[in-house]
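Just below is one structure, and these are the notes that go with it.
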Protein chains: 2
Amino acid sequence: MPPLDVADLLRGVGLRVTRPRVAVLEALERLPHADTGDVIDAARRDVPDVSHQAVYDSLAALTEAGLVRRIQPHGHTARYERRVGDNHHHVVCRTCGTIADVDCATGEAPCLVPSQDHGFVIDEAEVIFWGTCPACARAGSTATPRDPQTPAPA
Amino acid sequence: MPPLDVADLLRGVGLRVTRPRVAVLEALERLPHADTGDVIDAARRDVPDVSHQAVYDSLAALTEAGLVRRIQPHGHTARYERRVGDNHHHVVCRTCGTIADVDCATGEAPCLVPSQDHGFVIDEAEVIFWGTCPACARAGSTATPRDPQTPAPA
DNA sequence: GTCCTTTCTTGACTCGTTCAAGAAAGCCGG
DNA sequence: CCGGCTTTCTTGAACGAGTCAAGAAAGGAC
């Protein structure tokens, strides 16, 4: 894979170019929806001795700069993805936690507008579809659900 | 307030009627969107010596039985509400974590259907609107945001 | 190359949540 | 109304993702 101009991306948003940040961005390029542990492991492929703290800091900086997006479904640790700026949502498997992308359900952003806003200034509508992935559906009840929340159609 | 027939509710879903469970349900009646700590405190108003563990167990049992619903926005501890079965969503303040109810944006359940399902069997579409509540908007930038995630219109 | 600022390393720590073992309470049948 | 079985609660320890803090190292502007 050609070296992504990740450095330019970083400079473009006013962040210093450091090895941990580059490694984190490239890790997310390879692993969409990686959780924090995955990111740490993957970043260490490029920078074997990065501290977990550096990864946390990098993820926070990248998230704040808008280069990555954080997703954190109930009962799962934080996950991150590089796909930002477009308008998409997620399907999450209740059993194994697998995440898949779903294009916006209704068309363009803002795809949803609340029926009442209670005076809030709304800047984002986050949509998570919950269900069972094909693999877990096939495995049936042999798998142990991680999030036993009762399915409440909403 | 007349004693709610919380006991019947519990029996109705096949759960034993215990003092902690009753106290938790009544606490959630008083405090919509209470977090775990609030529930523990509120339950102790009725049952001063309930263990936190009993509250966790009760919340888990009630959630599984469908009597309460768990909400857990990024960066905040789990919250619970009694309003279940109807079709509503939430607005969450990025600054102070306040939650308000919003009736379903599009009408009836299922209010959203994903444009692609990747073979998942979908049972719920969860919608969270992120923004700033009136109080925090007024307070301006003096408050410390708890979730600095960049607003990514989706 | 120098210097200032930001970022990384190291290591301890917090706090929500879970686990485990035994005691207590709910509930069913008689 | 009581025995007995099962579920639930108490107690106390443990877990783990994430955070905090102080000093060392690296980025980048001049």
Side-chain angles (χ1 to χ4, degrees), chain A residues 6-25 27 34-41 43-44 46-65 67 70-80 97 144-149, chain B residues 6-25 27 34-41 43-44 46-65 67 70-80 97 144-149:
Chain A
V6 157
D8 289 337
L9 268 178
L10 288 167
R11 273 185 280 265
V13 296
L15 289 176
R16 288 191 181 173
V17 179
T18 68
R19 288 168 56 59
R21 284 174 182 169
V22 171
V24 165
L25 272 177
D35 68 24
T36 319
D38 295 335
V39 175
I40 292 173
D41 293 344
R44 283 184 178 153
D46 297 331
V47 187
D49 293 323
V50 237
S51 60
H52 66 133
Q53 186 68 330
V55 175
Y56 274 104
D57 286 351
S58 298
L59 285 169
L62 294 170
T63 303
E64 193 168 6
L67 291 185
R70 176 169 38 194
I71 327 161
Q72 187 168 22
H74 310 178
H76 300 286
T77 63
R79 288 155 181 275
Y80 295 85
T144 307
R146 287 199 206 159
D147 184 348
Q149 183 172 24
Chain B
V6 158
D8 289 337
L9 267 178
L10 287 167
R11 273 186 281 264
V13 295
L15 288 177
R16 288 190 181 175
V17 179
T18 68
R19 288 168 56 58
R21 285 174 182 170
V22 171
V24 165
L25 271 177
D35 67 25
T36 319
D38 296 335
V39 175
I40 292 173
D41 293 344
R44 283 184 177 151
D46 297 332
V47 187
D49 294 322
V50 236
S51 60
H52 67 132
Q53 186 66 332
V55 174
Y56 274 102
D57 287 351
S58 298
L59 285 170
L62 295 171
T63 302
E64 193 169 6
L67 291 184
R70 176 170 35 192
I71 326 161
Q72 187 168 18
H74 311 178
H76 300 285
T77 62
R79 288 155 182 274
Y80 293 86
T144 306
R146 286 197 207 160
D147 184 347
Q149 183 172 25

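This structure is a prediction, so every number in the text was calculated from the model and none was measured. Every chain is numbered from 1 and lettered A, B, ... according to where its sequence line falls, protein lines coming before strand lines.
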- Query: D:dG27 C1' sits how many Å from A:Arg11 CZ, rounded?
  - Reply: 11 Å
- Counting N and O atoms only, with roles assigned by atom type, does the side chain of A:Asp38 sit under 3.5 Å from a partner on the main chain of A:Asp35, one being a donor and the other an acceptor? yes
- Task: Summarise protein proximity over nucleotides 12-23 of chain C in one line of letters, 5' to 3': B for base, S for sugar-phosphate only, - for none, counting protein heavy atoms closer than 4.0 Å.
- Result: ----SBBBB---
- For the pair made of CG in A:Leu10 and P in C:dT6, what is the distance, rounded to whole Å? 17 Å
- Task: Report the distance from atom CD1 of B:Ile40 to atom P of D:dC9, rounded to the nearest whole Å.
- Result: 13 Å
- Item | Value in whole Å for how far the P atom of C:dT7 lies from CG of A:Leu25 | 14 Å
- Item | B:Arg11 bridged to B:Asp8 by N-O distance under 4.0 Å | yes
- Nearest-Å distance, CG (B:Leu15) to P (D:dT8)? 7 Å
- Query: B:Thr18 near the nucleic acid: base, sugar-phosphate alone, or nothing, with a heavy-atom cut-off under 4.0 Å?
  - Reply: sugar-phosphate
- Message: Are A:Asp46 and A:Val22 packed together at the side-chain level, in the sense that at least one heavy-atom pair is separated by less than 4.5 angstrom?
- Response: no
- Query: Just wondering, more than 12 heavy atoms not from A:Arg44 lying within 6.0 Å of its CZ?
  - Reply: yes
- Counting side-chain heavy atoms from C-beta on, which of D:dT10, D:dT8, C:dC8 comes nearest to A:Pro20? C:dC8
- Nearest-Å distance, CZ (B:Arg16) to C1' (C:dA24)? 11 Å
- Query: How close or far is atom P of D:dA25 from atom CG of A:Asp57, stated in whole angstroms?
  - Reply: 18 Å
- Query: How is A:Arg19 classified with respect to the nucleic acid when contacts are heavy atoms under 4.0 Å: base, sugar-phosphate, or nothing?
  - Reply: nothing
- Between CG on residue A:Asp57 and OG on residue A:Ser51, distance to nearest 0.5 Å: 7.5 Å
- Mark yes or no for whether B:Arg21, through its side chain, and B:Arg16, through its backbone, hold a donor-acceptor pair below 3.5 Å. yes
